[in-house]
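Quick notes on the structure that follows.
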Amino acid sequence: MHKTINLSLSDIFELSVDALLASGANRENAEAVAAVVRNADRDGCTSHGIFRVPGYCSALKLGAVNGHAKPELIDQAPSIVRIEASNGLAPLAVEAGRPSLIKKAKDQGIATLAIRNSAHFAALWPDTEPLADDGLVAMSFVNSRAFVAPAGGKRRRVFGTNPMSFAVPRSGQPPMVFDQASSAAARGEIMLAARDGHKALAEWGLGPDGEETDDPAEILKGVQLPFGGYKGGAIALMVEILAALLTGGETSLEAERSYTGHGGPSPAGHLIIAMDPKRFGQENFINRVELLFEEMLADPEVRLPGDRRLAMRQKTQTQGVDIPEILFQEVREISRGPK
Ligand code: NDP
Ligand code: PYC
């Protein structure tokens, strides 16, 4: 076990901002990234919290991503807004596009934010939850570098871990949000298992020889597998097409080919869809969603996706987050800047 240190959520934010600034990001970009990092740790998404800051910083220092990028908003059509992110970091691009996406969704009933050339290294629920907070049903899709074999494949990586998130508003409660990789395990979870000396599950992936292994480090060198065989493989394919091809972003294979080994995010594509239930003529939508949830929860074995995150959110506001001391030292060292 690692020796840990307890940090408040504002400590995590400030430390992340300082490390990103010291690595060459401007304040706008640093604060946008630090907010998603803090919120990931707040919600118990350790694999996309401060654990990711050294990777962001390494990519910034090596010039693999542009920490001064200013997202360019393109009003493409009445229901489509595009962002050219110019090799910048995804959190600022999402912030820049959100107001226009919300307005278009409320005007048109459905709207899409298509982001190309941005580096997404985060969880996806921060993209969809604020839209549901505004009364919209939302979906988000992003690709990354090629880590995952298509269903049936054993050696050749083609897809990113290609997550998707879905959010729906609720009555008097935070939105229900799910957020999941299309691989059996997010790469971040495999990295944490490798770091913490845990074994991998057989379905997570294969070693470089195409054989099963319980060593997470071998899977990181080999291929990850889609969840649920060909069904997850089809979702990974769909996300690749929506996120990379429909936005004009880099495919996961293209991002992999230009990757220089910095350990941080690579520019890819990113698609967010928002729908206004009122414009669909469904004034009773939220009540019907609640009835559906009541039916699900009538079985005490069932919980809603996102409930674990929301419980963690309650806890960490007062109790802070334990992180490995070695990670804290690493990020603090980065924040002190070059010697
Ligand atoms: P998980 O498998 O941990 O969880 C997926 C979803 O299932 C969550 O919404 C979770 O809710 C829900 N869930 C889990 N257990 C249950 C249950 N028993 N009943 C009902 N719902 C349940 O997520 P992943 O490991 O697939 O992904 C982890 C993170 O990695 C995500 O945030 C994802 O966006 C991120 N990621 C980012 C990528 C990128 O390219 N930027 C690539 C791949 C992943 P809850 O959280 O409440 O447990
Ligand atoms: O955890 O699979 C992952 C991931 C890929 C890119 C960012 N996170």
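Position 1 is the first residue of the sequence; numbering continues from there. All ligand and atom numbering here is 1-based and tracks the order in the structure.
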Show the nearest heavy-atom pair for residues [X] and [Y], with the distance to one decimal.
| X | Y | answer |
| --- | --- | --- |
| Glu325 | Ile5 | CA-CG2, 4.0 Å |
| Leu297 | Arg303 | CD2-CA, 3.8 Å |
| Ile50 | Val331 | CG1-CG2, 4.2 Å |

Atoms in ligand 2 with a heavy atom of [X] nearer than 4.0 Å:
| X | answer |
| --- | --- |
| Thr161 | 2 (O), 3 (C), 4 (C), 5 (C) |
| Arg187 | 1 (O), 2 (O), 3 (C) |
| Arg52 | 1 (O), 3 (C), 4 (C), 7 (C), 8 (N) |
| His48 | 1 (O), 3 (C), 4 (C), 7 (C), 8 (N) |

Please check whether [X] reaches ligand 2 - meaning an N/O of the residue sits under 3.5 Å from an N/O of the ligand, judged on distance alone.
| X | result |
| --- | --- |
| Ser144 | no |
| His120 | no |
| Ala122 | no |

So, do [X] and [Y] sit near enough that their side-chain heavy atoms are less than 4.5 Å apart?
| X | Y | answer |
| --- | --- | --- |
| Leu225 | Leu206 | yes |
| Glu330 | Val53 | no |
| Cys45 | Arg309 | yes |
| Asn162 | Ser252 | yes |
| Pro54 | Leu327 | yes |

Can a donor-acceptor pair be found between the side chains of Glu72 and Ser86 at a distance below 3.5 Å? no
Atom 1 (O) of ligand 2 [closest protein heavy-atom partner, distance rounded to 0.1 Å]: Gly188 N, 2.8 Å
Who passes ring pair (Phe, Tyr, Trp, His ring centres under 6.0 Å) against Tyr56, sequence neighbours left out? Phe121
Between ligand 1 and the protein, give all atom pairs where both partners are nitrogen or oxygen and the distance is under 3.5 Å, as lines of names plus distance to 0.1 Å.
from, atom 1, to, atom 2, distance (Å)
ligand 1, 9 (O), Asp179, N, 3.1
ligand 1, 11 (O), Gly306, N, 3.1
ligand 1, 15 (N), Arg303, NH2, 3.1
ligand 1, 26 (O), Ala181, N, 2.8
ligand 1, 30 (O), His48, ND1, 3.4
ligand 1, 32 (O), Asp179, OD2, 2.5
ligand 1, 34 (O), Leu124, N, 3.1
ligand 1, 34 (O), Asp179, OD1, 2.7
ligand 1, 34 (O), Asp179, OD2, 2.9
ligand 1, 41 (N), His120, ND1, 3.3
ligand 1, 41 (N), Ala122, O, 2.9
ligand 1, 46 (O), Arg308, NH2, 3.0
ligand 1, 47 (O), Arg303, NH1, 3.2
ligand 1, 47 (O), Gly306, N, 2.9
ligand 1, 47 (O), Asp307, N, 3.4
ligand 1, 47 (O), Arg308, N, 3.1
ligand 1, 47 (O), Arg309, N, 3.3
ligand 1, 48 (O), Arg303, NH2, 2.9
ligand 1, 48 (O), Arg308, NE, 2.9

